[in-house]
Amino acid sequence: MQENRERGESLVFAVNGERFELSSVDPSTTVLEFLRTHTPFKSVKLGCGEGGCGACLVLISKYDPVHDQVEDFTASSCLTLLCSIHGCSITTSEGLGNSKDGFHPIHERIAGFHASQCGFCTPGMCISLFGALVNAEKIDRPKPPSGFSKATAAEAERAICGNLCRCTGYRPLSDACKSFGADVDLEDLGLNSFWRKGESDDIKRSNLPKYDHHHKKSKFPKFLKEIKHNVFMASERHNWLSPTSLEELQSLLEPNNSVGTKIKLVVSNTGMGYYKDTKSYDKYINLKGISELSKITKDETGVEIGATVTIFKAIEALNPKSGYEFLSDFDTILEKIAGHMSKIASGFIRNTASVGGNLVMAQKYHFPSDIATILLAVDTMVHIMTGTKFEWLRMQEFLERPPLKLESVLLSIKIPCWESSKRASPKHRSKIVFETFRASPRPLGNALPYLNAAFLVEVSTGEDYEGIVLIDNCRLSFGAYGARHAVRAIEVEELLKGKLLNFGIIHEATNLLTSIVVGEDGTSHTAYRSSLAIGFLYKFFSPLIDHSVEKRTNYSNGKVLHDNAHPILSSGKQEIQVGDEHRPIGEPVTKSGATLQASGEAVYVDDIPSSKNCLHGAYIYSTKPLARVKSIKLQKQDGVRAIISSEDIPTGGENVGSVSSFGIDPLFADEVARCIGDRIAFVVADTQKLADMASNSAIVEYDCENLETPILSVEEAVERSSFFAIPPMLYPQQVGDIAKGMAEAELKILSSEIKLGSQYYFYMETQTALAIPDEDNCLTVYTSSQAPELLHSTIATCLNIPEHNVRTITRRVGGGFGGKFTRAHFVATSCAVAAHKLRLPVRMYMNRKTDMIMAGGRHPMKITYNVGFKSNGKITALELEILVDAGIDPDISIMMPHTIIGALKKYDWGVLSFDLKVCRTNLPSRSAMRGPGEVQGSYIAEAIIENVASTLSIDVDSVRSINIHTYKSLCTFYNHSAGEPIDYTLASIWDKLAVSARYNQRSESVKEFNKKNIWKKRGISRVPALFEVGVRHAPGKTSILKDGSIAVEVGGIEIGQGLWTKVKQMAAYALSLIQCDGSQDLLDNVRVIQSDTLSLIQGGMTGGSTTSESSCEAVRLSCNVLVERLMPLKEKLQKEMGSINWKTLISQAHLQGVNLSATSIYNPGVTTSNYLNYGVAMSEVEIDLLTGETSVLQTDIIYDCGKSLNPAVDLGQIEGAFVQGLGFFMLEEYDTNHEGLVLADGTWNYKIPTLDTIPKQFNVEIVNIGHHKHRVLSSKASGEPPLLLAAVVHCATRAAVKEARKQLLSWSNSDELEKPFQLGVPATMPVVKQLCGLDIVERYLKWKMAKT
């Protein structure tokens, strides 16, 4: 212990070159926590706290004195413990470059490729890319062209594969990354601000911001090279110990030294992301300083890897060195292991997570480890130290032992050398075949697998076997399917051993395997996981049945045939039309503040510095769906200052958390908690960490006596008549006479059902607010809200104070999508109540799990319909009953009937009749989510069309085409919103897409592909979208300052949709009409300032896709006033001076007392308040019948933006909305248990799209059709409508599944396969696989055996 102390008790490190030295620190402190609370660097954001999103990334640089080199790697600062970075240099995005020192080319290219929207995730993206570029420079490769990196375009693109973004749809981020690649195809890069279409490659290269790997900011600080790498830290209650030998470690773990002491062994702490270990420890023992645990050795007996070796370094060591033409069997096995490891977690987790830590989690906590499974197959040995005893165990024995106790430490693992048996006879040839498999929602990692497997088989071929393959030995391992740990399928191995390989023996093996790969009770998708095991087994052995070992493997006689080059993940073409009538309106101007967002300098609510007396809050929420709250007890009360509840609302105040025209939702449960997630109380403590710990420790006593059973489904709501009343003015109008329409039908589908689930917002910034009490009973509240004006009223009503006592301020929102409309008000109002009572600032940053449990999300619903149609597919009548699950409070749910029917009317149904009920259930309130109701309504329409086509056995595209509106039918269904005939563009762009995207030709290609391929099927589909929007009033204020700079305020909030950018363009255009020198270039003079509800009132809410255009028009009106005021002075000065420039004009106006501040409010007239948006999309997908995985090969979109105010911004909205819709239709399962508790409560089990799941080819064309005289400069909305188009991927998947079922029917007759089927939403891998046949392999084998 003394020896440790002598090494130095100060923790020394650098952040962006600045030295930090700490003499005392709590060892549980993370790098993120330190950076955000003790430094000015706020680019590291808390997105998930699990290492699953990349928002908190930093680059860690560590000096190696032995080799005199610096190791650089990206890491999740939310998991990395501060004490572990002793002697290291931390680089954040601000450290790469900033507004003061100059931005880094990464920042500039991210901005220039329009790759930042809300910006919350952008700094993490920059660090991921920077890490890849820095490490590429260390590779022995030719010098790249000037301004580029040694990294390939594919490597640069894959750098961000583990980062999540909810706004952009990733395509522009991909382009920004690829632009650094030495081998980049500049033609492959999409819309950007560096060059115009058609310019030469030389011009393009010269215009890109130059990348220089000698960038001064990336140098390792010299003072850190003198630091000893091991540190002993002592604080009041905790110690951080860094032993340097196994003897020291043994001493620290001796019972005499550890009895009664809570000890935690630490390598990189990444396990915290999964297990959320919140226990308090007395000692942290850092194992990274023990050299024996970090070694990698390879000799003729195998490869030994130390327990603290990171997964990344293990991959490096196992991969064959480049330049080898021949690989042994063993080297090939190691290469396959490395390849599988590269799909574990994400790059920034692999950089720090250790091989030993992964295996210990599998052994102690039954973590679904890939590493355990693949190492089990190759008979890996495990080296364990228990006290002074050392032993080697086989992997299987290690996994089956009782969980390791503290005194047992994993030291290393050893992969034994595998080589095929040497046969004496030249007539025989023996070969080892090894392969690994994993099926997960994301192809390139950052997702746990449904199942993983690894198979090692020794086979022989020879004349004696007549060309048939003989199985000499085999090891088959399976994991992650719901068992406690990976297992070997011993019975299957024994069955296969010594057998000649044929379809019959494989069929026997699959039957046996079904009883082995069985998940424990509570495991999801058990039948699917078992089916995967069979699919993997068949996929492995089937090529060998063709007596072709070489065909199965990627080597022949040891010669390397593999290609390490990765394909590009996503490319795209963008067609836009730039307007020049109202410049700079219509130009693809770079998003305002994009470089600030990239560098991390853009300020979000949680970035606002806390005062020393600031307190932090966290909710205690109900864990019962309906229960009386009797008492609350906190087990952890460290730093707790108060527990706020409904009793703390001031006299005369109301218990309201959200007040809007849609309804009133309570802030706290009074006596009865009415759903899981209902806010019971608000714990206020000294730090956010302490507040979260206290709320998590709360024990709530409930009483359900004399309470009704909770209503947990729409069916129960109907039984008990639990509905919200819909005002008649919000209930849509029926179209036509249903009886007449049905009478015209030649065929009918009756009582068909559709069920749709929910979707979580997954804004990168969770709910957050800061309330600061002021003099005279006033409050200033900083909020991440889409409706600060409504929040303003809510707080005043709750506290019983005049509204002029409340000021709510919103600068920007880190992602909203409707989730920061009413749902943000509860957090801000809770902080306001606590601040008002305690007379201290109170803030909250909600943790991701709580946010997911309480958010509510998109409205689930159940649809029952009858549809009548003719034999050609023309529909004559549609009758619907729709039950919408609104949750416990009204929120915005009463508008759902209007929005659902509005989007569903996109087809000419002939007659449309419906009965919609908004059900009140004991579940968290559902709220607005991007396209609320419209997404579901549009999908319902497509599902009905698909069913009609299936029933008639005709092409679904022809059914869509015959039911698309004529202008006449459009007017019947949409009345006043239809506009003029020239405004109706849907039919024309529908036909245009068929030509431009080659629908007919590609449909034929898909048919040919499906004929030739058994285990992969493709589908192609085309869908329209029609979206009705309503334009609301909006205020705008423009002020011209003395130096000619311009400050603009609008009621609309910048949530990433580019509102500020469009407003800047509008102000520059409108003021340019003064027509003096310099007035044509005012864009850079304009600043849009944050929303302040006392400075600009009547701001309303930001949503519904039209806030940008309304805000622009309000600003235009205010600028018109200023131009009118300035015009007389301008004309006078022109007469006197001949010409006048902008600055002189404004200076003179100030001197002469001209009022240079104007406020206007835009009120759309009856004819302009509602209009229709049109778009069409086509997608081609490929499904894997063995796994159910869907790959989106290509998506083509044509979208009518009117005359786009900014085509770059609108393009980003189109792509981002589409990918968010892709998540809803294909990936995102927002599951709950039987009581309504959200089970998908983090990045581990809720999967939004990532770069590897978006369309591989993503083409978008924005058409500017016609002059829309009632629109704002003829523009149209783009924020929500494109999301509806994502249903095209689901429809294409359904087409592919249909082909799979046809094939299955040809193998085995089944009445079920001939019936129309419904593809669930989301169409996840298990859903797709089930419809393709969980027993597809068995049926195929039976069919194959019958044929032979």
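- Cation-pi geometry between Arg812 and Phe120 is not met at under 6.0 angstrom from the ring centre and within 45 degrees of the axis.
- The environment of NZ in Lys364 is crowded: more than 12 heavy-atom neighbours from other residues, nucleotides or ligands sit within 6.0 Å.
- Between Tyr1246 and Tyr1230, a ring centre-to-centre spacing shorter than 6.0 Å is recorded.
- No side-chain heavy atom of Cys56 sits less than 4.5 Å from a side-chain heavy atom of Leu46.
- For Tyr275, the OH atom counts as densely surrounded, since its 6.0 Å shell holds more than 12 non-hydrogen atoms of other residues, nucleotides or ligands.
- When each of Arg843, Lys45, Lys42 is tested with Asp607 by the rule salt bridge (Lys or Arg N to Asp or Glu O under 4.0 Å), just one qualifies, namely Lys45.
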Quick one, Lys624 with Glu1235, criterion salt bridge (Lys or Arg N to Asp or Glu O under 4.0 Å). Give me CA distance, side-chain angles, the key distance, then yes/no.
CA-CA 7 Å; Lys624 300 285 184 186; Glu1235 289 191 320; 5.4 Å; no
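- Remark: the backbone N or O of Gly1223 is not paired with any side-chain donor or acceptor of Gln759 at under 3.5 angstrom.
- Looking only at distances, a side-chain donor or acceptor of Arg848 sits under 3.5 Å from a matching main-chain atom of Met764.
- Using a 4.5 Å cut-off on side-chain heavy atoms (C-beta onward), His836 and Cys798 make no contact.
- A donor-acceptor contact shorter than 3.5 Å links the side chain of Thr768 to the backbone of Met844.
- Salt bridge present: Asp889 and Arg674 bring a charged side-chain N and a carboxylate O closer than 4.0 Å.
- Closest of all the heavy-atom pairs between Ile643 and Asp648 is O-OD2, 3.6 Å.
- A distance-only check finds a donor-acceptor pair linking the side chain of Arg36 to the backbone of Val44 [under 3.5 Å].
- Between the OG atom of Ser524 and the CG atom of Asn1245 there is a distance of 10.0 Å, given to the nearest 0.5 Å.
- There is no side-chain donor-acceptor pair under 3.5 Å between Asp774 and Thr780.
- In this structure, Met361 CE and Phe367 CZ are separated by 4.0 Å, a value rounded to the nearest 0.5 Å.
- Ion pairing between a basic and an acidic side chain is recognised when a charged N comes within 4.0 Å of a carboxylate O; Glu50 and Lys276 show such pairing.
- Residues Val656 and Ile664 come closest through the heavy atom pair CG1-CG2, 3.4 Å.
- Of the inter-residue distances, the one linking Ile888 atom CD1 with Asn922 atom CG reads 4.5 Å to the nearest 0.5 angstrom.
- How far OG of Ser622 is from CD1 of Ile620: 11.5 Å, rounded to the nearest 0.5 Å.
- Between Glu765 and Ser784, the closest side-chain pair of non-hydrogen atoms falls below 4.5 Å.
- With hydrogens and angles disregarded, no donor-acceptor distance shorter than 3.5 Å links the side chain of Glu1228 to the backbone of Ile1248.
- Judged purely by distance below 3.5 Å, without hydrogens or angles, the side chains of Ser631 and Glu701 pair a donor atom with an acceptor atom.
- No side-chain donor-acceptor contact under 3.5 Å links His616 to the backbone of Lys689.
- Cys614 is listed as a side-chain neighbour of Leu770, based on a closest heavy-atom distance under 4.5 Å.
- For the pair Asn805 and Asp776, the minimum side-chain heavy-atom distance is 4.5 Å or more.
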Do Thr794 and Thr829 pass the side chain to side chain donor-acceptor pair (under 3.5 Å) test, and can you show the C-alpha distance, the side-chain angles, and the key distance before you say yes or no?
CA-CA 7 Å; Thr794 300; Thr829 306; 5.5 Å; no
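- With hydrogens and angles disregarded, no donor-acceptor distance shorter than 3.5 Å links the side chain of Glu881 to the backbone of Ile863.
- Between Val842 and Phe682 the shortest side-chain heavy-atom distance falls below 4.5 Å.
- In this structure, Arg720 places its CZ atom where more than 12 heavy-atom neighbours from other residues, nucleotides or ligands lie under 6.0 Å away.
- Side-chain contact between Leu779 and Leu799 is present, with heavy atoms from C-beta onward closer than 4.5 Å.
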Would you check, one step at a time, whether the test side-chain contact (heavy atoms from CB on, under 4.5 Å) holds for Thr1232 with Val1238?
CA-CA 4 Å; Thr1232 63; Val1238 169; 4.1 Å; yes
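- No donor-acceptor contact under 3.5 angstrom links the side chains of Ser785 and Thr810, judged on distance only.
- Remark: Glu715 CD to Cys919 SG distance equals 8.5 Å, nearest 0.5 Å.
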Stepwise side-chain contact (heavy atoms from CB on, under 4.5 Å) test for His825 and Leu791:
CA-CA 6 Å; His825 298 176; Leu791 169 62; 3.6 Å; yes
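- Ring to ring, Tyr763 and Tyr761 are close: their centroids are under 6.0 angstrom apart.
- For the pair Ala618 and Ala691, the tightest heavy-atom approach, listed with the atom from each and the gap, is CB-O, 3.5 Å.
- Counting only N and O atoms by type, the side chains of Lys636 and Ser280 include no donor and acceptor under 3.5 Å apart.
- The shortest non-hydrogen separation linking Leu916 to Tyr731 is N-OH, 3.0 Å.
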Output, in order, the C-alpha distance, side-chain angles, deciding distance and verdict of side-chain contact (heavy atoms from CB on, under 4.5 Å) for Glu789 and Met1101.
CA-CA 7 Å; Glu789 186 204 6; Met1101 53 84 72; over 6 Å; no
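- In the model, Tyr619 has no side-chain atom that pairs as donor or acceptor with a side-chain atom of Thr850 under 3.5 Å.
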Please test Met854 against Gln767 for side-chain contact (heavy atoms from CB on, under 4.5 Å), starting from the C-alpha separation and ending with a verdict.
CA-CA 10 Å; Met854 298 175 72; Gln767 301 288 4; over 6 Å; no
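- Between Thr766 and Gly47 the shortest heavy-atom distance is CG2-O, 4.5 Å.
- Ring planes of Tyr281 and Tyr284: perpendicular class, angle over 60° (limits at 30 and 60°).
- Val605 has its side chain out of reach of Tyr845: every pair of non-hydrogen atoms, C-beta onward, lies at least 4.5 Å apart.
- Val918 pairs in a side-chain contact (heavy atoms from CB on, under 4.5 Å) with only one of the listed residues (Ile726, Leu883, Asp885), which is Ile726.
- At least one test fails for Arg811 against the ring of Tyr604: distance under 6.0 Å to the centre or angle within 45° of the axis.
- Between the side chains of Thr921 and Arg926, not a single donor N or O lies within less than 3.5 Å of an accepting N or O.
- With a 6.0 Å radius and a threshold of 12 heavy atoms from other residues, nucleotides or ligands, Glu753 has its CD atom above the threshold.
- Note that Arg679 lies in the cation-pi zone of Phe826, set by a 6.0 Å cut-off to the ring centre and a 45° limit from the axis.
- Listed for the His859 side chain is no donor-acceptor partner under 3.5 Å among the backbone atoms of Gly933.
- The backbone N or O of Arg807 sits nowhere less than 3.5 Å from a side-chain atom of Thr1093 that would complete a donor-acceptor pair.
- Proximity of a side-chain donor or acceptor of Ser925 to a complementary backbone N or O of Asp891 within less than 3.5 Å is not detected.
- In terms of heavy atoms, Ala694 sits closest to Val640 at CB-CG2, 3.6 Å.
- Atom CD in Glu716 sits 6.5 Å away from atom CD in Glu719 (nearest 0.5 Å).
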